[in-house]
Amino acid sequence: MTIRNMKDLEKALQPVMLGMVDELAERVYETLNYFLQEYYNSYDPKSYRRQYDFLRSAVKVEPKMQGNKVTASVYIDTDYMDNYYNATGYQVASWANQGLHGGLDTGGKTPHVWDDTMKETIENGELLKLAIDYLKSKGFSVRN
């Protein structure tokens with residue numbers, strides 16, 4: 001491919017950027033699902049039967065171009081969790097991020113689902129390392 005101007009360069013980089021953002025979003029999605037499972041593993045309710053909606057609430061939106069940027073989203077779909085008694089899906093997710101089950105501290109080693117996901121992907125430099133490795137695998141020279 002011949003690159004004559006910035007538009008040509010942007011067009012050439014789009015597939016690489018889409019692939020990289022997809023890989024980064026997948027890592028966040030996998031990590032979020034790990035902490036959702038750990039959240040479920042940390043407590044065995046005696047007074048109710050689980051529906052597992054929260055466990056299945058993680059969503060990854062495929063990357064797309066928005067102007068000259070590539071974006072993807074990973075989130076907890078609180079609308080998916082519409083069958084909780086006396087709590088909204090948002091409230092359940094908020095409690096889970098505080099290490100609470102049904103608003104209660106159960107005394108176990110309960111993860112803070114979203115905060116722990118951010119710590120294990122962004123705050124510890126994991127996504128930056130993945131981005132650098134991805135670009136290097138595509139032939140880019142990257143200094144960090």
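Only a predicted model underlies this, so the values are computations on that prediction, with no experimental measurement involved.
With rounding to the nearest 0.5 angstrom, the OG atom of Ser57 is 7.0 Å from the CG atom of Leu32. Expressed to the nearest 0.5 Å, how far CG of Leu127 lies from CD of Glu23 amounts to 10.0 Å. Atom-to-atom distance recorded for Leu128:CG and Leu24:CG is 9.5 Å, nearest 0.5 angstrom.
The shortest distance between side-chain heavy atoms of Thr110 and Leu100 does not fall below 4.5 Å. Under the 4.5 Å side-chain criterion, counting only non-hydrogen atoms from C-beta, Met81 is not in contact with Thr88. Residues Met17 and Gln14 fail the side-chain proximity criterion, which asks for heavy atoms closer than 4.5 Å.
There is a side-chain donor-acceptor pair under 3.5 Å between Thr71 and Gln66.
Residues Tyr90 and Val59 are members of separate hydrophobic clusters, defined by side-chain heavy-atom contacts under 4.5 angstrom among Ile, Leu, Val, Met, Phe, Trp and Tyr. At a threshold of 4.5 Å between side-chain heavy atoms, the hydrophobic network of Ile, Leu, Val, Met, Phe, Trp and Tyr places Leu13 and Ile132 in one connected group. With hydrophobic clusters built from ILVMFWY side chains whose heavy atoms lie under 4.5 angstrom apart, Trp95 does not share a cluster with Trp114. Connection of Tyr75 to Val113 is not established within any shared hydrophobic cluster, with ILVMFWY side chains joined at heavy-atom distances below 4.5 Å, either directly or through further cluster members. Hydrophobic cluster membership differs between Val61 and Val70, with clusters built from Ile, Leu, Val, Met, Phe, Trp and Tyr side chains linked at under 4.5 angstrom.
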Please lay out, stage by stage, how Met118 and Thr31 fare under the test side-chain contact (heavy atoms from CB on, under 4.5 Å). CA-CA 9 Å; Met118 294 299 97; Thr31 305; over 6 Å; no
Give the intermediate values and the outcome of side-chain contact (heavy atoms from CB on, under 4.5 Å) for residues Tyr134 and Val16. CA-CA 9 Å; Tyr134 185 88; Val16 173; 4.1 Å; yes
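Closest approach of Val74 and Ala25 over heavy atoms only: CG2-O, 3.4 Å. Heavy-atom minimum distance, Pro63 versus Ala72: CA-CB, 3.9 Å. Annotation for Arg27 and Thr121: closest pair O-CG2, 4.3 Å, computed over non-hydrogen atoms.
Scanning for salt bridge (Lys or Arg N to Asp or Glu O under 4.0 Å) contacts around Glu123 gives an empty result, with sequence neighbours left out.
For the pair Asn97 (side chain) and Ala93 (backbone), a donor-acceptor distance under 3.5 Å is absent.
Between Asp115 and Lys119, no side-chain nitrogen of the basic residue sits less than 4.0 Å from a carboxylate oxygen of the acidic one, so the salt-bridge criterion is not met.
Within 6.0 Å of OH on Tyr80 lie more than 12 heavy atoms contributed by other residues, nucleotides or ligands.
The stretch residues 51-65 participates, sequence neighbours left out, in these salt bridge (charged side-chain N to carboxylate O under 4.0 Å, His left out) pairs: Asp22-Lys60, Glu26-Lys60, Lys60-Glu62. For residues 17-42, the set of pairs meeting the ring-ring contact (aromatic ring centres under 6.0 Å, His included) definition, not counting sequence neighbours, comprises Tyr39-Phe54, Tyr39-His101, Tyr40-Tyr52.
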